[in-house]
Amino acid sequence: MSAKPVNEIILAVPSKGRLEEQSCKVFADAGLAIERPGGARSYQGNIAGHPDIVVRFLSAGEIARELVRGNLDMGITGTDLIHEASQNGAEKVNIARALGFGQADVVIAVPGVWLDVSTMSDLSDVAADFSSRHGRWLRVATKYVNLTRRFFAAHGIAEYKIVQSLGATEAAPASGAADLIVDITSTGSTLRANGLRVLEDGVILKSEASLVVSHNRQFGEQQQVLLERVLAAFAN
């Protein structure tokens with residue numbers, strides 16, 4: 001992203017769907033109404049009365065990555081995406097305020113017919129002898145590669161292969177593309193509909209949409225004042 005004047009901050013909000021609507025609503029409720037003059041196809045916006053706040057409309061995943069990299073000052077994204085963005089993504093940002101929407105859990109779900117697998121310890125036992133029984137490692141379908149690797153490592157599980165999911169992750173076991181999944185869920189209904197269940201200790205992370213500030217930005221005095229003003233509006 002291009003350099004910006006030192007008296008401006010760049011704020012990013014999700015570019016489409018329910019997340020965009022809810023993000024714009026919480027800003028409006030805080031007295032900072034976001035405008036999108038170019039319409040839904042435009043990726044630039046502003047806040048009425050605040051020409052020093054530059055608004056960008058990006059995907060939630062891109063917002064998380066750019067906050068961690070220090071290319072944005074502030075943004076709304078899911079905490080799951082911040083943790084997934086890099087090995088230590090959460091250390092490179094300040095999750096300033098949870099916003100009360102977009103709640104979902106990142107979970108490990110196995111086929112319901114795996115009656116003897118209820119915990120991560122059980123899964124570790126299965127992974128250890130899966131290769132000798134089936135001639136291959138367990139396959140885990142997920143879009144959350146970094147979170148999966150960290151969580152599995154914490155439980156001492158190394159005998160698995162990640163299958164990166166490009167579509168409906170919950171369909172992977174039924175289609176034969178994977179043996180289990182790591183995915184997000186809010187009610188669990190989609191998992192159950194696909195014959196899956198969450199392990200008893202298989203919640204990797206509880207996530208929700210949050211207002212996040214980058215630690216990787218060098219803020220000038222005017223920028224810091226502006227950031228604090230925006231954060232204060234959400235505290236009221």
Side-chain angles (χ1 to χ4, degrees), residues 17-19 59-61 64-65 68 77-93 95 98-210:
R18 186 74 173 145
L19 281 178
S59 71
R65 289 191 298 272
V68 168
T77 190
T79 48
D80 59 323
L81 299 174
I82 290 292
H83 284 270
E84 178 61 22
S86 74
Q87 183 70 21
N88 57 345
E91 298 172 12
K92 297 181 178 181
V93 301
I95 299 176
L99 298 176
F101 63 86
Q103 293 94 340
D105 297 341
V106 182
V107 301
I108 298 173
V110 301
V113 295
W114 289 17
L115 300 179
D116 57 345
V117 181
S118 298
T119 66
M120 289 299 294
S121 178
D122 295 334
L123 185 62
S124 179
D125 292 339
V126 169
D129 68 0
F130 197 88
S131 179
S132 61
R133 288 175 177 267
H134 300 279
R136 61 175 177 82
W137 284 1
L138 278 172
R139 296 166 301 172
V140 183
T142 189
K143 298 181 179 73
Y144 292 92
V145 176
N146 290 328
L147 280 169
T148 299
R149 286 175 175 160
R150 290 197 292 271
F151 196 73
F152 274 50
H155 287 271
I157 301 176
E159 303 89 347
Y160 69 95
K161 175 184 177 181
I162 286 181
V163 178
Q164 285 196 277
S165 175
L166 300 177
T169 304
E170 63 273 6
S175 71
D179 302 297
L180 65 152
I181 71 168
V182 173
D183 202 10
I184 56 170
T185 183
S186 52
T187 65
S189 58
T190 301
L191 295 178
R192 291 190 293 272
N194 285 276
L196 302 171
R197 58 180 171 80
V198 179
L199 294 181
E200 292 173 4
D201 55 352
V203 177
I204 297 176
L205 178 72
K206 290 184 174 293
S207 177
E208 68 178 295
S210 298

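Everything numeric in this text was worked out from a predicted model, so none of it was measured.
- A donor-acceptor contact shorter than 3.5 Å is absent between the side chain of S186 and the backbone of A104.
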Checklist line | Chi angles and distances behind the side-chain contact (heavy atoms from CB on, under 4.5 Å) call for D183, T190 | finding: CA-CA 11 Å; D183 202 10; T190 301; over 6 Å; no
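- Heavy-atom minimum distance, A127 versus I157: CB-CG2, 3.9 Å.
- Put simply, the side chain of R139 gets close to the backbone of G176: a donor and an acceptor are under 3.5 Å apart.
- When all heavy atoms of A178 and V140 are compared, the closest pair comes out as CB-C, 4.4 Å.
- Interatomic distance, D129 CG to E159 CD, rounded to the nearest 0.5 Å: 9.5 Å.
- Of all heavy-atom pairs spanning I184 and D80, the tightest one is CG2-OD2, 3.9 Å.
- Between the T119 side chain and the D122 main chain, a donor and an acceptor come within less than 3.5 Å of each other.
- In this structure, D201 and F151 approach most closely via the heavy-atom pair O-CZ, 3.7 Å.
- Judged by distance alone, the side chain of D105 and the main-chain N or O of T185 form no donor-acceptor pair under 3.5 Å.
- For the atom pair CD of E84 and NZ of K143, the computed distance is 11.5 Å after rounding to the nearest 0.5 Å.
- For the atom pair CG of N88 and CZ of R150, the computed distance is 8.5 Å after rounding to the nearest 0.5 Å.
- Put simply, the side chain of V126 does not reach to within 4.5 Å of the side chain of V110, judged on heavy atoms.
- Here the CD1 atom belonging to I204 is positioned 7.0 Å from the CE atom belonging to M120, to the nearest 0.5 angstrom.
- The minimum heavy-atom distance between L180 and W114, with the atom names listed, is CD2-CH2, 4.3 Å.
- Residues L138 and K161 have side chains not in contact (no heavy-atom distance under 4.5 Å, counting atoms from C-beta outward).
- The number of heavy-atom neighbours closer than 6.0 Å to CZ of R136, taken from other residues, nucleotides and ligands shown, is above 12.
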request  = Go through the steps for D179 and F130 under the test side-chain contact (heavy atoms from CB on, under 4.5 Å), then give the verdict.
outcome  = CA-CA 11 Å; D179 302 297; F130 197 88; 4.0 Å; yes
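- When atom types are taken as modelled, the side chain of Q103 and the backbone of E208 share no donor-acceptor pair closer than 3.5 angstrom.
- In this structure, the separation between OG on S207 and CG on L81 is 6.5 Å, given to the nearest 0.5 Å.
- The shortest heavy-atom contact between A98 and S210 is CA-OG, 3.7 Å.
- Atom CD1 of residue I108 and atom CD1 of residue I181 lie 10.5 Å apart, to the nearest 0.5 angstrom.
- Side-chain contact between V106 and V182 is present, with heavy atoms from C-beta onward closer than 4.5 Å.
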